[in-house]
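Worth knowing before you read on, the calculation uses all heavy atoms, side chains too, and leaves out hydrogens, waters and symmetry mates. Keep in mind that what you see is a predicted model, and the values were worked out from it rather than measured.
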Amino acid sequence: MRYTDVILPLPLDGLFTYSVPSQLEEHVKVGARVLVPFGKNKTYVGIVSEIHERKPSDYEVKDILQLLDASPILLDSQLRLWNWISDYYMSPIGEVYKAALPSGLKAEDGYRPKTELYIRLTPNFRHEQALHVALNMLQRAGKQQEAFIQYLALSHWDTLDGQTCRESCRQSTLW
């Protein structure tokens with residue numbers, strides 16, 4: 001079993017040891033970012049400082065959750081500089097990490113993948129008759145109906161069979 005010492009962006013002394021899962025063993029390199037659990041329910045982005053086979057005996061080791069970089073983002077010389085700064089200024093290495101890397105690379109409040117929200121019509125509402133039914137259902141909810149019409153216009157669903165949906169939809173609400 002392989003283990004790695006990880007630098008976390010925390011004001012705590014020392015490094016934190018994690019086990020390397022078998023599927024990541026050949027990919028984890030010194031200087032690469034990894035996602036690791038810390039405490040009961042926190043995760044942090046850490047930097048691999050050393051890879052070894054020494055299992056800690058005084059606590060249960062947790063696995064690395066994910067490798068974030070295909071290649072290291074730090075050189076050996078940069079890690080040596082971080083260690084020198086930490087020793088010289090008597091500061092935890094995590095503080096040096098926080099000061100040295102841009103915030104986008106360290107995710108201090110835990111790792112959250114970037115997500116985007118997309119809205120689309122289901123296949124059931126992709127023809128004119130179904131759109132008329134939907135608009136009639138929203139007849140008493142004027143603002144929702146107007147928002148739906150705006151969505152149709154912005155999503156380029158406003159052209160159906162040569163007639164603009166806006167005109168067609170307005171006619172359907174008058175039925």
Among pairs that include at least one residue of [range], which meet salt bridge (Lys or Arg N to Asp or Glu O under 4.0 Å), considering only residues two or more places apart or in two chains?
{"range": "residues 67-81", "result": "Arg33-Asp69"}
{"range": "residues 49-60", "result": "Glu50-Arg54"}
{"range": "residues 5-28", "result": "none"}

query = What pair of heavy atoms forms the shortest contact from Leu67 to Ala32, and how long is it?
reply =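 Looks like CD1-CB, 4.1 Å.
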
request  = For Gln145 and Leu135, indicate whether the former's side chain and the latter's backbone hold a donor-acceptor pair under 3.5 Å.
outcome  =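 Yes, because the side chain of Gln145 sits within donor-acceptor range (under 3.5 Å) of the backbone of Leu135.
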
Is there side-chain contact between [X] and [Y], with heavy atoms separated by less than 4.5 Å?
{"X": "Val34", "Y": "Leu68", "value": "no"}
{"X": "Tyr18", "Y": "Val28", "value": "no"}
{"X": "Tyr3", "Y": "Ile51", "value": "no"}
{"X": "Leu8", "Y": "Ile47", "value": "no"}
{"X": "Val45", "Y": "Pro9", "value": "no"}
{"X": "Val36", "Y": "Lys62", "value": "no"}

key: side-chain contact (heavy atoms from CB on, under 4.5 Å) partners of Ala141, counting only residues at least two apart   =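 Testing Ala141 for side-chain contact (heavy atoms from CB on, under 4.5 Å), a comparison that skips the adjacent residues, returns Gln144.
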
What's the spacing between [X] [atom1] and [Y] [atom2] if we round to 0.5 Å?
{"X": "Ser22", "Y": "Met1", "atom1": "OG", "atom2": "CE", "value": "7.5 Å"}
{"X": "Lys143", "Y": "Leu138", "atom1": "NZ", "atom2": "CG", "value": "14.5 Å"}
{"X": "Leu24", "Y": "Arg2", "atom1": "CG", "atom2": "CZ", "value": "11.0 Å"}
{"X": "Leu10", "Y": "Tyr97", "atom1": "CG", "atom2": "OH", "value": "9.5 Å"}
{"X": "Gln78", "Y": "Ile73", "atom1": "CD", "atom2": "CD1", "value": "8.5 Å"}
{"X": "Tyr151", "Y": "Glu146", "atom1": "OH", "atom2": "CD", "value": "15.5 Å"}

key: Stepwise side-chain contact (heavy atoms from CB on, under 4.5 Å) check, Thr17 with Val6   = CA-CA 6 Å; Thr17 303; Val6 176; over 6 Å; no

Donor-acceptor list for residues 82-95 side chains, cut-off 3.5 Å, not counting sequence neighbours:
residue, atom, partner, partner atom, Å
Asn83, ND2, Leu79, O, 3.2
Ser86, OG, Ser91, O, 2.5

ask   = When you look at Leu35 and Tyr44, which way does the side-chain contact (heavy atoms from CB on, under 4.5 Å) test go after all the steps?
value = CA-CA 6 Å; Leu35 182 66; Tyr44 286 97; over 6 Å; no

ring-ring contact (aromatic ring centres under 6.0 Å, His included) partners for Phe16, two or more places apart =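 Phe38.
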
ask   = Hey, quick one: are Val48 and Leu75 part of the same hydrophobic cluster, counting side-chain heavy atoms closer than 4.5 Å, chains of contacts allowed?
value =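 No: no chain of side-chain contacts under 4.5 Å links Val48 to Leu75.
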
key: side chain to side chain donor-acceptor pair (under 3.5 Å) involving Ser19 - partner list, sequence neighbours excluded   =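 Applying side chain to side chain donor-acceptor pair (under 3.5 Å) to Ser19 gives Asp63.
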
message = With a sphere of 6.0 Å drawn around CD of Gln129, does it hold more than 12 non-hydrogen atoms of other residues, nucleotides or ligands?
response =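 Open: at most 12 neighbouring heavy atoms sit under 6.0 Å from CD of Gln129.
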
